[in-house]
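Please read the structure below before turning to the comments.
In what follows, every chain begins at residue 1, and chains take the letters A, B, ... in the order their sequences are listed. These figures come from a predicted structure and were not determined experimentally.
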2 protein chains.
Amino acid sequence: MDTSEILETRELRYFVAVAEELHFGRAARRLGIAQPPLSRAIQQLERRLGVPLLNRNRRGVSLTGAGEVLLAEGRAALCATTAAARRTRRAGGAGHSGVACERLVLAVKAAASQELLRKLLDAYAAQPEAAEIELLPCGIGEQEIMLRDGRADVALMQTPFDSLAGFDSEELLTEGRIAVLPASHPLATRTTLSLTEVTDLPDLPLARWPRNGTYPPGPGPEIRDQTQLAQLIALGRTAAVCPESSRTWLWAEHAAVALTDAPPVTTHIAWPPHSRSRPLARLIRTAIQL
Amino acid sequence: MDTSEILETRELRYFVAVAEELHFGRAARRLGIAQPPLSRAIQQLERRLGVPLLNRNRRGVSLTGAGEVLLAEGRAALCATTAAARRTRRAGGAGHSGVACERLVLAVKAAASQELLRKLLDAYAAQPEAAEIELLPCGIGEQEIMLRDGRADVALMQTPFDSLAGFDSEELLTEGRIAVLPASHPLATRTTLSLTEVTDLPDLPLARWPRNGTYPPGPGPEIRDQTQLAQLIALGRTAAVCPESSRTWLWAEHAAVALTDAPPVTTHIAWPPHSRSRPLARLIRTAIQL
DNA sequence: TCCGGTGATACTCGAGGGGTATCACTGGAT
DNA sequence: ATCCAGTGATACCCCTCGAGTATCACCGGA
């Protein structure tokens, strides 16, 4: 493996910054360096790879096909690198033998799977050799990042919201969906609804959640967390389709109506492949037995 | 994200070399540098992470817990980094827009799933916008590495032999198992056998395949590829439990007997998560429709 | 036509990565 | 007891290469 064939972390960081900003000056500022060294570094990277990564049109920069590939792969590689640093540091202090971390970081989406989470934590803590579990509250879709870059060891994720791609996982719980409506809305008195009845309501556009960092198009408001959603529903501005367990956080101004035909939500416990720490294995076993 | 928190590729390469050799001198030779800079680099890495990675006992070096974590995570990170370089280079030459590589590299285990592979290649080639497919023959369990470090875009893998951990995959074909015996062996005349009848035969120890780079313990010969196996069976020295499709490569000196109770083998098509190239998506679709 | 803003180039400086020589320590053979 | 082979660590020097400053070349728009 020739050393000149290998990308340095610094080069990847620089390229990802430029590719995300599509602007050398801003990228350099973000990286805390001056613009000229950045230009040179990118040129050198292109020479080394023998492939143009950026189209320099005056008035801005755009990615070539190879550039898009390197952006995706480079992000992943950077994540893996920082994950290595973080997990190593966390594994510090521990003993000399092969045991990894004695503290597990569990990434959870705020206010999701509350019951399940409580049961899991209780069941695990009751075990004799339980490790300490640190909870890492995440925004929507953030668990994937946390798991990937080493800030978390294990996560609770929900399909079809979160992507399990690239992780090992076990299914924990499948639940139906409810429509959460303002209590004052005409449909709030129904005992059941079908999905088509709550989509495309002109007076009550469904809230939109980010998928992979961007929002799908639509008339409804863009939501970042559950509190925002709860408030907007209470104000009669929007409605949402949620897992049944969301009943735990409903307000008096909310109404929940079971949906008959919405695709179910499944909560999984997920972890990076090839993790082999004993505390993690025990937590997973505990979760499956719930 | 503080820059001092980030590991350089060079540091990872150095550490992985030392951790694998458990010897500074040999590691330095392998890296093509002198020993003193290597010692310094590792010390610096330990200082930076704030964690001891190696126990320096005179007479050799051993890994601490944190060291083992960094070895595993560092290998993964290095793989991801070289994968980024390779895939970017391969995506070169292509156009300016978001399209990735126009040539797909398919990793296959030599002589496995021969029929399936032929059908897949034919069906794919018959499509209008088929990309060129390059076949990358692999040793046992090598597809995982090829996929991980970017030498391959997609692979055919078999459970329970290969691990699909960390990849996306689709099931293609499940087949039973046969015992492959020397034609002269008494059991060769049977029409079916059970697993217990072919294991623990004192005169015919089962061949051993590597799992994760090492061989399980046992009396049988250690096998690296299918040709070696075929030869040893023909010579009456060993027997093996193979998928049914192995009948395609049997010799006259071989006999195949169906096994009634062996766990089946499933061939999957697997690819790195988050791959989004059109040719790959088409190949996967073609494979599923077979 | 000039100006604001883009990225590239020229030059200089200094940190740090790499080399050689050597040390300090240990286990084992005699 | 002594010496030797072999380990990793230290001391010291060189020089590459990454980063900064100043400047250029080029374009779009008022």
Side-chain angles (χ1 to χ4, degrees), chain A residues 1-49 51-64 66-67 70-71 74 78 81 96, chain B residues 1-49 51-64 66-67 70-71 78 96:
Chain A
M1 191 169 339
D2 186 0
T3 166
S4 77
E5 301 269 323
I6 288 186
L7 298 183
E8 284 302 320
T9 305
R10 185 180 52 85
E11 300 179 292
L12 283 179
R13 263 179 35 235
Y14 286 9
F15 175 76
V16 168
V18 174
E20 285 178 354
E21 301 282 351
L22 290 178
H23 189 289
F24 279 77
R26 276 199 304 274
R29 229 171 301 133
R30 194 173 108 185
L31 292 167
I33 65 172
Q35 170 256 320
L38 182 56
S39 285
R40 259 180 306 148
I42 301 295
Q43 287 173 328
Q44 183 173 331
L45 180 60
E46 289 178 304
R47 249 199 325 273
R48 169 116 48 101
L49 289 172
V51 165
L53 301 170
L54 299 170
N55 299 314
R56 279 87 157 171
N57 317 320
R58 308 254 154 233
R59 221 65 180 182
V61 176
S62 65
L63 288 173
T64 64
L70 185 58
L71 176 56
L78 284 177
T81 303
H96 287 193
Chain B
M1 196 170 339
D2 187 358
T3 168
S4 76
E5 302 269 322
I6 288 186
L7 298 184
E8 284 302 320
T9 305
R10 184 181 51 87
E11 299 178 293
L12 282 179
R13 263 178 34 236
Y14 286 8
F15 175 76
V16 168
V18 174
E20 283 178 355
E21 302 282 351
L22 290 178
H23 189 290
F24 279 78
R26 277 198 303 275
R29 229 171 301 133
R30 193 174 109 185
L31 292 166
I33 65 172
Q35 170 256 318
L38 182 57
S39 287
R40 258 180 308 158
I42 302 294
Q43 287 173 329
Q44 184 174 330
L45 180 60
E46 289 178 304
R47 244 196 332 267
R48 171 115 47 104
L49 289 173
V51 165
L53 300 170
L54 299 170
N55 299 313
R56 279 90 157 170
N57 317 320
R58 307 254 155 228
R59 222 65 180 181
V61 176
S62 65
L63 288 173
T64 64
L70 185 58
L71 176 57
L78 284 177
H96 288 195

* To do: Could you tell me whether the phosphate oxygens of D:dT10, OP1 or OP2, come under 4.0 Å of any side-chain nitrogen or oxygen in B:Q43?
  =>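 So the side chain of B:Q43 is within the cut-off, an N or O lying under 4.0 Å from OP1 or OP2 of D:dT10.
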* To do: Look at A:S39 and C:dG7 and indicate whether a side-chain polar atom (N or O) is within less than 4.0 Å of OP1 or OP2.
  => no
Measure from the side chain of [X], starting at C-beta and using heavy atoms only, and say which of [options] lies closest.
X: A:A34; options: C:dG18, D:dG8, D:dG20; result: D:dG20
X: B:R40; options: D:dG8, C:dA8, C:dG19; result: C:dG19
X: B:P37; options: D:dA19, D:dT21, C:dG18; result: C:dG18
X: A:R56; options: C:dA8, D:dA9, D:dA19; result: C:dA8

* Asked: Within 45° of the six-membered ring axis of A:F15 and under 6.0 Å from that ring's centre, is NZ or CZ of A:R13 located there?
  -> no
* Reckon A:E11 touches a base, only the sugar-phosphate, or nothing at all at heavy-atom distances under 4.0 Å? -> nothing
* Please confirm whether any donor atom in the side chain of A:Q35 sits under 3.5 Å from an acceptor in the base of C:dA8, or the reverse. =>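 Yes, a donor-acceptor pair under 3.5 Å.
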* Could you tell me which non-hydrogen atom of A:R10 sits nearest to which non-hydrogen atom of A:A41, and how far apart they are? =>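 It is NH1-CB, 4.4 Å.
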In whole angstroms, how far is the [atom2] atom of [N] from the [atom1] atom of [X]?
X: A:I42; N: C:dG7; atom1: CD1; atom2: P; answer: 11 Å
X: A:L45; N: D:dC17; atom1: CG; atom2: C1'; answer: 16 Å
X: B:F24; N: C:dA24; atom1: CZ; atom2: P; answer: 19 Å
X: A:E8; N: D:dA19; atom1: CD; atom2: P; answer: 12 Å

* A:T9 and A:T81 side chains, donor-acceptor separation under 3.5 Å -> no
